[in-house]
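Here the structure is a predicted model, which means the values were calculated and not measured.
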Amino acid sequence: MADNKNFVIGITQGDINGISYEVIIKSLSDNRIMELCTPVVYGLAKVASYHKKYMEMPDFTFQYTKTAEQLSTKRPNLINLYEEEVKIDLGTSTKIAGQMAERSLYAAGRDLKNKLIDAIVTAPVNKNNIQSEKFKFPGHTTFFEHYFGGKEHPALMLMVADNLRVGFATNYMPIKEIAENLTMETLVQKLETLNQSLKQDFALNNPKIAVLSLNPHSGDDGVLGDEDQKIVQPAVNQAFHNGINAFGPFSADGFFASGAYTKFDAVLAMYYDQGMIPFKLLGKNGVNFTAGLPIVRTAPAHGTAYDIAGKNIADPQSMRNAIYLAIDILRNRQQAVGNKQ
């Protein structure tokens with residue numbers, strides 16, 4: 001791993017028809033980024049030029065290269081993954097956009113495995129057009145878990161905005177499948193992963209974790225479902241017994257409405273909407289971090305935003321924050337290793 005400002009941060013291009021290139025270029029035009037790291041985009045030179053033109057940023061330039069072994073520390077880098085022309089249809093989901101997003105993801109993943117880069121920041125993809133014979137994942141989190149983790153390192157999606165951190169007990173899945181995928185063992189494992197990440201990645205010595213209930217009002221003693229009594233509460237008790245400061249389960253509505261979330265270092269939600277809706281209402285320019293893996297991956301907390309693609313109005317702050325958080329976590333992990341030696 002490189003030292004501090006020499007960290008090499010790989011950035012995947014995401015969907016070329018969305019706002020990915022716009023927020024990437026706007027972020028990397030901020031000179032503070034170059035002072036903190038060496039960024040390298042895994043993308044397409046001709047597509048980058050197209051986006052740069054409508055953004056009217058002639059002074060912004062990439063250092064084009066073919067490998068992460070030949071990077072400039074003076075300006076942002078772009079590894080050109082495809083020499084042919086690629087049709088750009090701003091605001092539209094296309095097959096070629098999905099293929100190029102997949103190519104970028106695997107190229108950056110290989111370089112991270114080979115230690116040519118120190119972390120990955122992923123721009124948003126379309127979860128439908130990226131599907132292929134090779135890529136059959138519902139999102140980045142499960143892809144990175146498969147590519148870098150496996151059973152030994154289960155991944156946890158953790159949304160971060162300043163001191164608000166919201167993790168998820170289940171990944172993307174239909175609502176009807178959530179209850180059947182919740183077990184006491186899984187919840188304890190998620191709490192262990194979250195607790196370890198708070199210590200290692202966020203340098204928190206004695207973190208406190210709030211656990212949300214699955215059912216409204218924590219099930220009202222079984223009237224609205226018994227999962228909280230039979231699964232969630234025993235998992236919280238077991239985690240606490242294991243030395244994790246886990247508390248709950250708390251009914252999600254009152255927990256966020258009362259401001260109780262401010263008293264905890266992290267929150268474990270049972271499913272996506274339960275945690276993501278309050279996170280996006282309360283957190284500004286948030287970041288998606290894949291906790292629990294031996295590698296560092298972050299992403300802006302927004303999607304492809306086809307509706308504003310090409311209009312040059314996309315806010316790059318979430319992408320900048322994703323880069324900053326990746327650097328902070330690398331530093332914290334480096335410090336944690338140093339403290340053990």
Side-chain angles (χ1 to χ4, degrees), residues 9-34 36-65 75-82 85-105 107-108 119-130 139-140 161 280 283-288 297-327:
I9 306 298
I11 303 172
T12 60
Q13 68 178 351
D15 192 302
I16 62 173
N17 293 325
I19 63 169
S20 292
Y21 270 98
E22 185 176 325
V23 296
I24 290 170
I25 291 171
K26 285 179 177 178
S27 295
L28 298 184
S29 66
D30 186 334
N31 292 331
R32 291 173 296 181
I33 297 289
M34 293 302 301
L36 293 170
C37 69
T38 299
V40 51
V41 177
Y42 289 79
L44 308 173
K46 293 179 180 178
V47 173
S49 296
Y50 175 92
H51 284 272
K52 193 162 70 84
K53 185 176 181 179
Y54 81 72
M55 293 169 63
E56 298 181 350
M57 296 182 66
D59 294 333
F60 177 86
T61 58
F62 279 111
Q63 170 70 39
Y64 294 111
T65 180
R75 55 179 172 165
N77 301 272
L78 186 146
I79 295 177
N80 190 27
L81 301 174
Y82 194 67
E85 292 284 348
V86 172
K87 191 173 188 298
I88 300 172
D89 292 299
L90 290 179
T92 304
S93 173
T94 64
K95 184 176 180 180
I96 188 64
Q99 291 172 345
M100 293 299 105
E102 179 187 12
R103 182 174 295 212
S104 173
L105 196 54
I120 288 180
V121 177
T122 59
V125 299
N126 180 307
K127 294 178 177 61
N128 180 269
N129 69 27
I130 196 175
H140 281 111
K280 289 197 172 183
K284 188 176 181 180
N285 298 314
V287 177
N288 184 340
R297 174 262 168 172
T298 63
H302 60 69
T304 56
Y306 286 147
D307 58 320
I308 61 170
K311 297 181 180 179
N312 202 18
I313 60 174
D315 185 349
Q317 193 56 52
S318 187
M319 172 59 80
R320 283 198 196 103
N321 288 347
I323 297 171
Y324 293 149
L325 182 62
I327 295 168

Would you call the rings of F62 and F60 parallel, tilted or perpendicular, taking 30° and 60° as the class edges?
perpendicular
Heavy-atom closest pair (A161 atom, G286 atom, distance to 0.1 Å) is CB-CA, 4.1 Å
Kindly compute the distance separating CD1 (I96) from NZ (K87), expressed to the nearest 0.5 Å.
11.5 Å
Just jot down the side-chain contact (heavy atoms from CB on, under 4.5 Å) partners of T92, sequence neighbours excluded, or say none.
D89, T94
Any side-chain heavy atom of V121 sitting closer than 4.5 Å to one from T12?
no
Checking Q317 now: which residues fulfil side chain to side chain donor-acceptor pair (under 3.5 Å) with it, not counting sequence neighbours?
R320, N321
Kindly indicate, with the supporting measurements, whether the criterion side-chain contact (heavy atoms from CB on, under 4.5 Å) is fulfilled by V40 and I11.
CA-CA 6 Å; V40 51; I11 303 172; over 6 Å; no
Just wondering, do P39 and I323 contact through their side chains at under 4.5 Å, heavy atoms?
no
Can you tell me how far the CD1 atom of I313 sits from the CD1 atom of I308, to the nearest 0.5 Å?
5.0 Å
If only side-chain N and O atoms count, and only distance matters, is there a donor-acceptor pair under 3.5 Å linking S93 with N129?
yes
Measuring only between side-chain heavy atoms, which start at C-beta, is M55 closer than 4.5 Å to K52?
no
Got Y50 and L90 here, is their nearest side-chain heavy-atom distance under 4.5 Å?
yes
Any idea which heavy atoms bring A309 and G91 closest together, and the distance?
CB-N, 3.8 Å
Separation of S27 OG from R32 CZ (nearest 0.5 Å)
10.5 Å
State the OG1-CG distance between T65 and L78, to the nearest 0.5 angstrom.
9.5 Å
Can you confirm whether L105 sits close enough to H140 that some side-chain heavy atom of one is under 4.5 Å from a side-chain heavy atom of the other?
yes
What's the shortest heavy-atom distance between P124 and P300, and which atoms?
CD-CG, 4.3 Å
Of the non-hydrogen atoms in G14 and A101, which two are nearest, and what is the gap between them?
O-CB, 3.5 Å
Looking at side-chain heavy atoms only, is the closest gap between R297 and N288 below 4.5 Å?
yes
Verify side-chain contact (heavy atoms from CB on, under 4.5 Å) between L28 and V41, making sure each step is shown before the conclusion.
CA-CA 10 Å; L28 298 184; V41 177; 3.9 Å; yes
Close side-chain approach of P316 and E22, heavy atoms under 4.5 Å
no
Does anything in residues 10-31 form a ring-ring contact (aromatic ring centres under 6.0 Å, His included)? List the pairs, not counting sequence neighbours.
Y21-H51
Rounded to the nearest 0.5 Å, how far does CD1 of I327 lie from CG of L36?
5.0 Å
More than 12 heavy atoms of other residues, nucleotides or ligands under 6.0 Å from CG of D307: is that the case?
yes
So, taking the atom named OH in Y306 and the one named CD1 in I19, what distance separates them when rounded to the nearest 0.5 Å?
11.0 Å
Less than 4.5 Å apart, any side-chain heavy atom of Y324 and any of I33?
yes
Could you walk me through whether T61 and R75 satisfy the side-chain contact (heavy atoms from CB on, under 4.5 Å) test, starting with their C-alpha distance in whole Å, then the side-chain angles of each, then the deciding distance to 0.1 Å, before giving a yes or no?
CA-CA 7 Å; T61 58; R75 55 179 172 165; 3.1 Å; yes
Please name the pair of heavy atoms, one in A322 and one in V287, separated by the smallest distance, quoted to 0.1 Å.
N-CG2, 3.5 Å
side-chain contact (heavy atoms from CB on, under 4.5 Å) between S104 and L81: does it pass, once the steps are laid out?
CA-CA 7 Å; S104 173; L81 301 174; 3.9 Å; yes
What's the shortest heavy-atom distance between G10 and Y42, and which atoms?
CA-CE1, 3.9 Å
